[in-house]
Undergrad: 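Quick one: the structure is below, and I'll ask about it shortly.
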2 protein chains.
Amino acid sequence: MNYTYRHARPAVTADCVVFGLDEEDLKVLLVQRGQEPFQGHWALPGGFAVVGEALEDTARRELAEETGLKDVFLEQLYTFSDPQRDPREHVVTVAYYALVNLSDHPVQAATDARSAAWFCIDDIPKLAFDHDRILQTAYERLRGKITYQPIGFELLPEKFPLRMLQGVYEKILDRPLDKRNFRKKILSMEILEELDEIETDVGHRAARLYRFNKRVYDDKVKQGFIFEL
Amino acid sequence: MNYTYRHARPAVTADCVVFGLDEEDLKVLLVQRGQEPFQGHWALPGGFAVVGEALEDTARRELAEETGLKDVFLEQLYTFSDPQRDPREHVVTVAYYALVNLSDHPVQAATDARSAAWFCIDDIPKLAFDHDRILQTAYERLRGKITYQPIGFELLPEKFPLRMLQGVYEKILDRPLDKRNFRKKILSMEILEELDEIETDVGHRAARLYRFNKRVYDDKVKQGFIFEL
DNA sequence: GCAAAAGTGTTTGCTCTACACCCATGT
DNA sequence: ACATGGGTGTAGAGCAAACACTTTTGC
């Protein structure tokens, strides 16, 4: 079954850069390609656009199909349209980036023939197509955005100690932060709920757990509040 | 001459939100549609992607063809892919925004059958397709970006007095700024060249002219400088 | 000489930074 | 008791905000 148009059309795809964080580093989820071109190479999860489906939905669907991840934080990153970026033909890709917490999503086994795995951000193999460039763009966006949008929480479990939140910022910005200043700043925003719970299974004093309160945050934004670390 | 593919493909377009500034207000460049759908409605300049051409080039080419504008500051804004955004079929549009100074580009006569005109940002007619939404997104981006990227200069002539630069910020942020603090802040960045020229044709004391020095700015950025108003 | 905008300094308060110690818990 | 991180206060520096007057020029 073929489709015919009066003018040539570029193909359209959606690709996802999925960031995850564990106790050590920032990681990226990659899939191994099962077909040419770049068979066997690692690549960003993604796939071809479907007529009638918004590209964000395409991105989510392909992500679920290829890696099992669902219901993640996902935002559009950038659209790459260099005619040479795919050796076969002109393929325009709309790239998205996703943030997930690795404790809820441990190294996923492959769900179809392909395998998927998490890679440390400083230890990424050569990727298929221009996916290196897309990944780099995503990483820059993440670094830029995390200081003025409350997206760091997306990399953590729902309930987290402040140390862990600080770790998110330190790992992504790649510099140490002063503990007391960090706490003062983030708590003074009053967008975290202090819970009546503490950590478990730690070999020292257990820290209090907090939860990001999106409702309160959205209210404050409406009143002119601007998140900034 | 037709083109056939094994899978259905959405059409791809590039649209431009062109902002211009004069002594009074922020304006947007619109074109009147000559064909259905939305014949006679005002719309953003733009057109269909061409295989083998990067979408930014498509945007620039269509902008020049429809409005005569060339060599403008242009950045990608967002990609809109709602399947219902075009009543005919699924059309994915990659939107760009451009900044030009209106003194160099006065109200352009139409270059082909269509007419093009500048509209004040608070007095925009109902636009074709989802172009209202695209315009709104672009305006939000402009407001956000102008405080942390040196893009305000793109709306001014090459040589400008500080009052005019302050006007850019006041009109886009839509709030008054303190004259002395503004001058102190912007001059302390040392990215403006103080010229040996002054305004002409003003009915009062003529102000000194300045020029944005992109080379110096780029150098400073490499050394960690961050523009912020 | 008057209108209109250019240009210039200082004070005040606040926010960011840097820094050190005691506390609670598990082993 | 000791090791590990949890949790807290304060002083100083630097930055941002608020504010008023003198100067220059054109008409």
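Since the structure is predicted, the reported quantities are computational estimates derived from the model, not experimental observations. Throughout, a chain's letter reflects where its sequence line sits, starting with A, and its residues are numbered from 1.
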Undergrad: Can you tell me the distance, in whole Å, between the CD1 atom of A:Ile198 and the P atom of C:dT25?
TA: 7 Å
Undergrad: Quick one: sort the A:His41 and A:Phe38 rings into parallel, tilted or perpendicular, breaks at 30° and 60°.
TA: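 Rings of A:His41 and A:Phe38: perpendicular, over 60°.
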Undergrad: Just the rounded figure in Å: distance from C1' of D:dG7 to CG of A:Leu209.
TA: 15 Å
Undergrad: Measure the distance from CG on A:Leu187 to P on C:dT15 and round it to the nearest whole Å.
TA: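 My rounded result for the distance is 16 Å.
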Undergrad: DNA chain D: A:Leu162 or B:Ala206, which has the more 5' nearest nucleotide?
TA: A:Leu162
Undergrad: Walk me through it: do B:Tyr78 and B:Phe80 pass the test ring-ring contact (aromatic ring centres under 6.0 Å, His included)?
TA: CA-CA 6 Å; B:Tyr78 196 78; B:Phe80 296 84; 5.2 Å; yes
Undergrad: Return the value, rounded to whole Å, for the distance between atom CD1 of A:Ile186 and atom C1' of C:dC16.
TA: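 The answer, rounded to whole Å, is 15 Å.
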Undergrad: Could you run down nucleotides 14-23 of chain D 5' to 3' and tag each one B, S or - for protein heavy-atom contact under 4.0 Å?
TA: --SBBBB--B
Undergrad: Take B:Asp132 and B:Lys126 through the test salt bridge (charged side-chain N to carboxylate O under 4.0 Å, His left out) and record every step on the way to the result.
TA: CA-CA 7 Å; B:Asp132 310 274; B:Lys126 179 87 184 83; 3.1 Å; yes
Undergrad: Measure the distance from CZ on B:Arg208 to P on D:dT24 and round it to the nearest whole Å.
TA: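 Value for this atom pair: 13 Å.
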Undergrad: Let me know the distance between CD of A:Glu228 and P of C:dT15, rounded to the nearest Å.
TA: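 Roughly 13 Å, once rounded to whole Å.
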Undergrad: Expressed as a whole number of angstroms, how long is the span from A:Glu199:CD to C:dT25:C1'?
TA: 12 Å
Undergrad: List the steps, then state whether salt bridge (charged side-chain N to carboxylate O under 4.0 Å, His left out) holds for B:Lys222 with B:Asp218.
TA: CA-CA 6 Å; B:Lys222 271 182 207 140; B:Asp218 288 339; over 6 Å; no
Undergrad: What class does the angle between the rings of B:Trp42 and B:Phe119 fall in, given that below 30° is parallel, 30 to 60° is tilted and above 60° is perpendicular?
TA: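 Ring orientation of B:Trp42 relative to B:Phe119: perpendicular.
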Undergrad: Verify, without hydrogens or angle tests, whether B:Thr67 (side chain) and B:Ala64 (backbone) share a donor-acceptor contact under 3.5 angstrom.
TA: no
Undergrad: Please give, in whole Å, the distance from C:dC19 C1' to A:Leu177 CG?
TA: 16 Å
Undergrad: Would you please confirm or rule out a distance under 4.0 Å between OP1 or OP2 of C:dG7 and any side-chain N or O of B:Arg183?
TA: yes
